[in-house]
Amino acid sequence: MNFNQTFLNKLSEAKKIVFFTGAGISAESGIPTFRGKDGIWNKLKPEELANFNAFMRNPQMVWEWYNHRKKIIHEAKPNAGHIAISEMQNLFDEVTVVTQNIDNLHRRAGSKNVFELHGNIERNYCIDCRTFYNEELDFSSGVPKCKCGGLIRPDVVWFGEYLPQDQFSGGEKASVLSDMFFVVGTSAVVYPAAGLVYAAKQAGSYIVEVNIEETEISSSCDESFFGEAGKILPEIVNQIKKLKLR
Ligand code: OAD
Ligand code: ZN
């Protein structure tokens with residue numbers, strides 16, 4: 001792959017970089033994305049699965065779906081894209097991952113500084129007393145319940161819910177302070193998460209997109225690389241290593 005001179009200059013000068021990621025970075029690990037050709041939301045309705053009212057109406061169905069996804073995620077491994085991002089930690093002063101994914105694969109690949117905007121499927125909490133249950137849950141009597149009697153739900157953000165404030169503000173701070181901001185494998189249509197792209201851009205960061213196809217935000221990016229994240233990100237890592245050797 002041939003990188004243009006502006007991009008190479010930015011890479012050599014950058015100290016703080018952010019990777020803003022979405023379902024596309026985990027696609028090569030075998031975890032389906034939400035939109036696009038084989039997207040989950042083509043077959044299932046988000047409003048029937050990923051919102052609080054759906055959970056109150058039919059917690060069993062919502063849990064079945066999350067347990068299905070949990071199984072896929074547990075069987076999945078970080079791919080070359082996650083690993084390349086983790087390797088960047090050796091090449092820049094500050095690397096921050098701001099992810100919309102709930103699959104924990106960035107941490108499993110070794111990334112240290114990770115903000116999870118939409119929660120984490122490994123964690124659960126009681127909707128009444130907010131006690132966390134991060135161990136295996138007991139489904140023997142249907143839906144898992146807290147010792148207080150409340151329903152236990154996965155710690156993921158559903159449509160209509162606020163993002164975890166500490167995660168969003170941490171991600172936002174890193175975004176506006178970044179020298180380069182990579183947008184990887186996201187359709188960038190879900191807000192407030194997608195707003196971080198514009199926040200970083202307005203603050204003067206150099207915006208680089210990595211996606212298999214054009215997205216809503218392509219025209220706002222300084223650079224777009226079209227292809228699989230698992231191919232392009234390792235090439236960028238190799239390029240940086242060459243630049244650092246000079
Ligand atoms: P989407 O499914 O909307 O978008 C996935 C993006 O990844 C698309 O733009 C694809 O073109 C791209 N893509 C697919 N395979 C790729 C690959 N191998 N390399 C690079 N890019 C690839 O997923 P998100 O943008 O993450 O929210 O969706 C945002 C939010 O909507 C999710 O966090 C979830 C969903 O509903 C909640 O559940 C709250
Ligand atoms: Zn409780």
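Values below: every heavy atom of this structure, side chains too, minus hydrogens, waters and symmetry copies. Both counts, for ligands and for their atoms, begin at 1 and track the order of listing.
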Which of the atoms of ligand 1 are close to Glu213, meaning less than 4.0 Å from one of its heavy atoms? 11 (O)
For Glu122, is there any backbone N or O sitting under 3.5 Å from a side-chain donor or acceptor partner on Asn120? yes
Which of the numbered atoms in ligand 1 are below 4.0 angstrom from a heavy atom of Gly22? 26 (O)
Check each heavy atom of Trp41 against ligand 1 and say whether those closer than 4.0 Å belong to the side chain, the backbone, both or neither. side chain
Contact (N/O only, under 3.5 Å) between Thr215 and ligand 1: no
Is the distance from the ring center of Phe55 to that of Tyr66 below 6.0 Å? no
Counting only heavy atoms closer than 4.0 Å, does ligand 1 sit against the backbone of Ala27, its side chain, both, or neither? side chain
Are the side chain of Trp41 and the backbone N or O of Gly36 linked by a donor-acceptor pair below 3.5 Å? no
for atom 5 (C) of ligand 1, nearest protein heavy atom and its distance come out as Gly185 O, 3.7 Å
Does Gln100 approach ligand 1 within less than 4.0 angstrom via side chain, backbone, both or neither, non-hydrogen atoms only? both
How far is atom 20 (C) of ligand 1 from its nearest protein heavy atom, and which residue and atom is that? Ala229 N, 3.6 Å
The protein N, O or S atoms lying under 2.8 Å from the Zn ion (ligand 2) are Cys126 SG, Cys129 SG, Cys146 SG, Cys148 SG
Shortest protein heavy-atom distance from atom 17 (C) of ligand 1, along with the residue and atom involved: Gly24 O, 3.4 Å
With a cut-off of under 6.0 Å to the ring centre and 45° to the axis, is Arg153 in cation-pi contact with Trp158? yes
Here the atoms of ligand 1 under 4.0 Å from any heavy atom belonging to Thr186 are 6 (C), 7 (O), 9 (O), 24 (P), 25 (O)
Donor-acceptor pair, distance only, cut-off 3.5 Å: does the side chain of Ser218 make one with the backbone of Thr215? yes
Can you find a side-chain donor-acceptor pair between Glu216 and Ser187 that sits under 3.5 Å? no
Nearest-neighbour protein heavy atom for atom 30 (C) of ligand 1, which is reported as residue plus atom name and distance: Val190 CG2, 3.7 Å
I need the atoms of ligand 1 closer than 4.0 Å to a non-hydrogen atom of Thr33, numbered in the order shown. 2 (O)
Atom 32 (C) of ligand 1: which protein heavy atom is closest, and how many Å away? Phe34 CE1, 3.6 Å
Students should find that the hydrophobic cluster of Leu177, defined by side-chain heavy atoms under 4.5 Å apart, otherwise consists of Val176
Cut-off 3.5 Å, side chains only: do Thr21 and His82 have a donor facing an acceptor? no
Glu228 N/O to ligand 1 N/O under 3.5 Å: no
Describe, in one word, how the ring planes of Phe7 and Tyr206 are oriented to each other, choosing from parallel (under 30°), tilted (30 to 60°) and perpendicular (over 60°). tilted
Taking salt bridge (charged side-chain N to carboxylate O under 4.0 Å, His left out) as the cut-off, I'd like each qualifying pair that reaches into residues 176-188, sequence neighbours left out, listed once. none
Mind checking the CD-CD spacing from Glu172 to Gln167? Nearest 0.5 Å is all I need. 13.0 Å
The closest protein heavy-atom partner of atom 18 (N) of ligand 1 is Glu28 OE2, 2.8 Å
Of all protein heavy atoms, the one nearest atom 28 (O) of ligand 1 is Arg35 NH1, 3.2 Å
For atom 26 (O) of ligand 1, what is the closest protein heavy atom, and at what distance to 0.1 Å? Ala23 N, 2.8 Å
May I ask you to check whether Phe225 and Phe3 place their ring centres under 6.0 Å from each other? yes
Considering distance alone, does some N or O of Asn101 sit under 3.5 Å from an N or O of ligand 1? no
Applying salt bridge (charged side-chain N to carboxylate O under 4.0 Å, His left out), which residue pairs with at least one partner in residues 11-38 are found, sequence neighbours left out? none
Check each of Ile85, Val95, Val97 against Ile17 using the side-chain contact (heavy atoms from CB on, under 4.5 Å) test, and report the only one that passes. Val95
Do Glu223 and Asn4 have side-chain N/O donor and acceptor atoms under 3.5 Å apart? yes
Taking only heavy atoms of Phe159, which atoms of ligand 1 are found under 4.0 Å from at least one of them? 36 (O)
